[in-house]
Amino acid sequence: MSTPADQPELELDAIVIGAGFSGMYMLKRLRDELGLKTRLFEAGDGVGGTWYWNRYPGARCDSESFYYCYSFSEELLQEWEWSSKYPEQPEILKYLNHVADRFDLRSDIQLNSRVNSAKFNETTNRWHIVTAAGERVSAQFLISAVGCLSTANVPDIDGLDDFKGDWYHTGQWPHEGVDFSGKRVGLIGTGSTGIQATPVIAAEADQLTIFQRTANFSVPARNAPLTADRQEQIKGTYDDIWRAAKAGHGGFPYIPSDRSALSYSEDERNAIYEDIWQEGGFKFLWGSFSDIMVDEKANDTAADFLRTKIRNTVKDPKTAAMLLPNDHPYGAKRPPIDTNYFETFNRDNVNLVDVKKAPIETITETGLRTADGDYDLDVIVFATGFDAMTGTLLSIDIQGRDGLTLTDKWAEGPKTYLGLQVAGFPNMFTISGPGSPSVLSNMPVSIEQHVEWISDCIESMRGKQQQSIEATTTAESEWVTHVNDIAQMTLFWKANSWYLGANIPGKKRIFMPYAGGIPMYRQRCDEVASNDYEGFTLSA
Ligand code: N01
């Protein structure tokens, strides 16, 4: 019987990996606007990327729906109706499926096709990939659209194989859902995911025990339906919305604050915080004061305000004290947005365990053992995050020029030029790669900018009959230094976050995203392009 490995290699112009927001738009641009023979390979059996995999209870977007979407098609913007301010995962997945159908993308998306390896041939300037099924495909361009948070981190805790109950990682949630009724559930992790899942699981389970290693700040989402009037108003002002989003530091369409937290009296400042906390969402971080992420004293004012809110919400003083974040500045870990997270600790069926004080020792047949004692559980939920920004790319055996592997190249942390290319890996582009604003921004805005920059670059190459493009090592190392210098000016360094790879044992501690903001970043990318792709070597 013939297998995919027996088939002749399929020859294309471009290969895209990943069918989330980035990959689908990349496919559309390359195929429909440049006329390239393009195929998108996706490991899952559906499109949607993050929104395909993360089906855990309570999963919803922390950015508002009307700007957490594509801006490239006016028709799409006008025809799609978001039901609420912060849509749930099924609605975003439905939107991405609609995009796949509306732009007829499915015919060039190959599902259930994990890319195992990608190797560059210097003689032909082509990339050769092999899928898990053994299928071989080559193309001039290889574009990674694998996402920043797609490799689940299940901590290596002794005894997991012996556990007689069920366990799940939130990023690999079963499609049929999980029935928690009558169950004793243990949830490990209090990042954005754990904070979204906690109230929903608590409402269904018999008992929920949260195993918290680091207490986290969180601001209420204040989710609400989008009324017909609000929809109409949004749809009538989309040009202004996108103009503001592209000019905003984090890709959000609101004016960033330009006032210092320290130039107000405590009462005045707290009144400003209160107003913005009542509004809810990310605006608390980016729209309140301009110095929260750069000045520790300013940050303390926001942190104190949020700690007071926790104390006032959680009735049991012992539990409230455990929930007070005390080891990192607010915002230095990605700030969660919640719906009734702290209120959930007032329920009788919810219990909080501090696993920093009494660490998890082992998982047993019947539950989990910490240094303090045993907890009987029917289900364990790992809301323990991801090997972020590099984990997925490094799980593919990628080899550039001279047999250089990406794993070796990034042994001391990721190195890229603009987060778009890696020296030694010609004709390979990384959408929202390390060194770009990506996870510090409203992702669709950053993704569209990368996709458009890459397709403009390929179009320019084709116009000039250039066969290969590669970042120079000089441009790359200058960019890495710049990314580092910018991060050093912020408080991001002061937390053990996944931004720094600190959540993965043994991972090099390097600040991976670009913290200089979207306007400065876009300007640099545009300058590079208009200076004949300065910092890249282009060859005929
Ligand atoms: O993961 P995390 P996440 N024992 O890494 C704990 C995006 N997102 O899935 O802080 C005990 O943030 C860990 O503890 P600590 C968003 O960008 C977006 O929540 O390392 N605990 C932490 O509490 C977000 O930032 C949306 O001490 C362990 C938690 O697990 C990113 O995804 C919604 C442990 C992991 O937190 C990741 O969020 C949700 C161990 N061995 C998420 N290992 C949107 O709205 C880890 N932990 C779009």
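Start at 1 and go down the list; that is how both ligands and their atoms are numbered. Worth saying up front: this structure is predicted, and the values here are computed from it rather than measured. Starting from 1, each residue takes its place in the sequence as its number.
- Near Cys61, meaning under 4.0 Å from any of its heavy atoms, are these atoms of ligand 1: 45 (O).
- Checked for salt-bridge contact, Arg369 and Glu361 miss the test: no charged N lies under 4.0 Å from a carboxylate O.
- Scanning the protein for heavy atoms near atom 11 (C) of ligand 1, the closest one is Ile188 CG2, 3.5 Å.
- Looking at Ser83 and Glu91, their side chains come closer than 4.5 Å, going by heavy atoms from C-beta outward.
- From the protein, the heavy atom lying nearest to atom 36 (O) of ligand 1 is Gly191 CA, 3.6 Å.
- The pair Asp300-Lys297 does not meet the salt-bridge criterion, since no charged nitrogen lies less than 4.0 angstrom from a carboxylate oxygen.
- Using a 4.0 Å cut-off between heavy atoms, Lys356 makes no contact with ligand 1 at all.
- Looking at Ala383, Gly385, Pro325 and measuring to atom 29 (C) of ligand 1, the nearest heavy atom belongs to Ala383.
- Where the criterion is an N or O separation shorter than 3.5 Å, residue side chain and backbone included, Lys333 meets it with respect to ligand 1.
- Between Lys235 and Glu81, at least one side-chain nitrogen of the basic residue sits less than 4.0 Å from a carboxylate oxygen of the acidic one, meeting the salt-bridge criterion.
- Numbered from 1 in the order shown, with element, the atoms of ligand 1 that lie under 4.0 Å from a heavy atom of Arg60 read 44 (C), 45 (O).
- Annotation: atom 15 (P) of ligand 1 to nearest protein heavy atom, Thr214 OG1, 3.4 Å.
- Ser436 has its side chain out of reach of Leu420: every pair of non-hydrogen atoms, C-beta onward, lies at least 4.5 Å apart.
- The one candidate from Asp316, Ile210, Thr198 that meets the side-chain contact (heavy atoms from CB on, under 4.5 Å) condition with Leu352 is Ile210.
- The closest protein non-hydrogen atom to atom 37 (C) of ligand 1 is Trp498 NE1, 3.7 Å.
- Taking the charged nitrogens against the carboxylate oxygens, Arg184 and Asp378 do have a contact shorter than 4.0 Å, which makes a salt bridge.
- Note: an N/O pair closer than 3.5 Å links Ser192 and ligand 1 by distance alone.
- Counting heavy atoms under 4.0 Å from ligand 1, residue Pro155 touches it through the side chain alone.
- Aromatic ring centroids of Phe211 and Tyr375 lie under 6.0 Å apart.
- Counting only N and O atoms by type, the side chains of Asp62 and Tyr68 include no donor and acceptor under 3.5 Å apart.
- For Thr190, a nitrogen or oxygen atom sits less than 3.5 Å from a nitrogen or oxygen atom of ligand 1, counting backbone and side chain alike.
- Taking every heavy atom of Thr193 and a limit of under 4.0 angstrom, the matching atoms of ligand 1 come to 3 (P), 9 (O), 19 (O), 38 (O), 39 (C), 42 (C).
- Among all non-hydrogen protein atoms, the one lying nearest atom 20 (O) of ligand 1 is Arg213 NH2, 2.9 Å.
- Of the polar atoms of Asn153, none of the N or O atoms is found under 3.5 Å from an N or O of ligand 1, judged by distance alone.
- For atom 18 (C) of ligand 1, the nearest non-hydrogen atom from the set Arg334, His328, Gln89 belongs to Arg334.
- At a threshold of 4.5 Å between non-hydrogen side-chain atoms, the residues Arg524 and Leu418 count as touching.
- Ranking protein heavy atoms by distance to atom 6 (C) of ligand 1, first place goes to Gly189 CA, 3.7 Å.
- Heavy-atom proximity to Leu149, at under 4.0 Å, picks out these atoms of ligand 1: 7 (C), 17 (O), 31 (C), 32 (O).
- Distances shorter than 4.0 angstrom occur between a heavy atom of Tyr56 and an atom of ligand 1.
- Using a 4.0 Å cut-off between charged side-chain N and carboxylate O, Lys94 and Glu88 make no salt bridge.
- Residues Asp327 and Lys356 are paired through a salt bridge, judged by an N-O separation under 4.0 Å between the basic side chain and the carboxylate.
- Shown here for Trp277 and Pro220, the closest heavy-atom pair between the two residues is NE1-CD, 3.1 Å.
- The protein non-hydrogen atom at the shortest distance from atom 45 (O) of ligand 1 is Asp62 N, 2.7 Å.
- Proximity to Trp51 (heavy-atom distance under 4.0 Å) selects the following atoms of ligand 1: 48 (C).
- Not a single heavy atom of Phe211 sits less than 4.0 Å from an atom of ligand 1.
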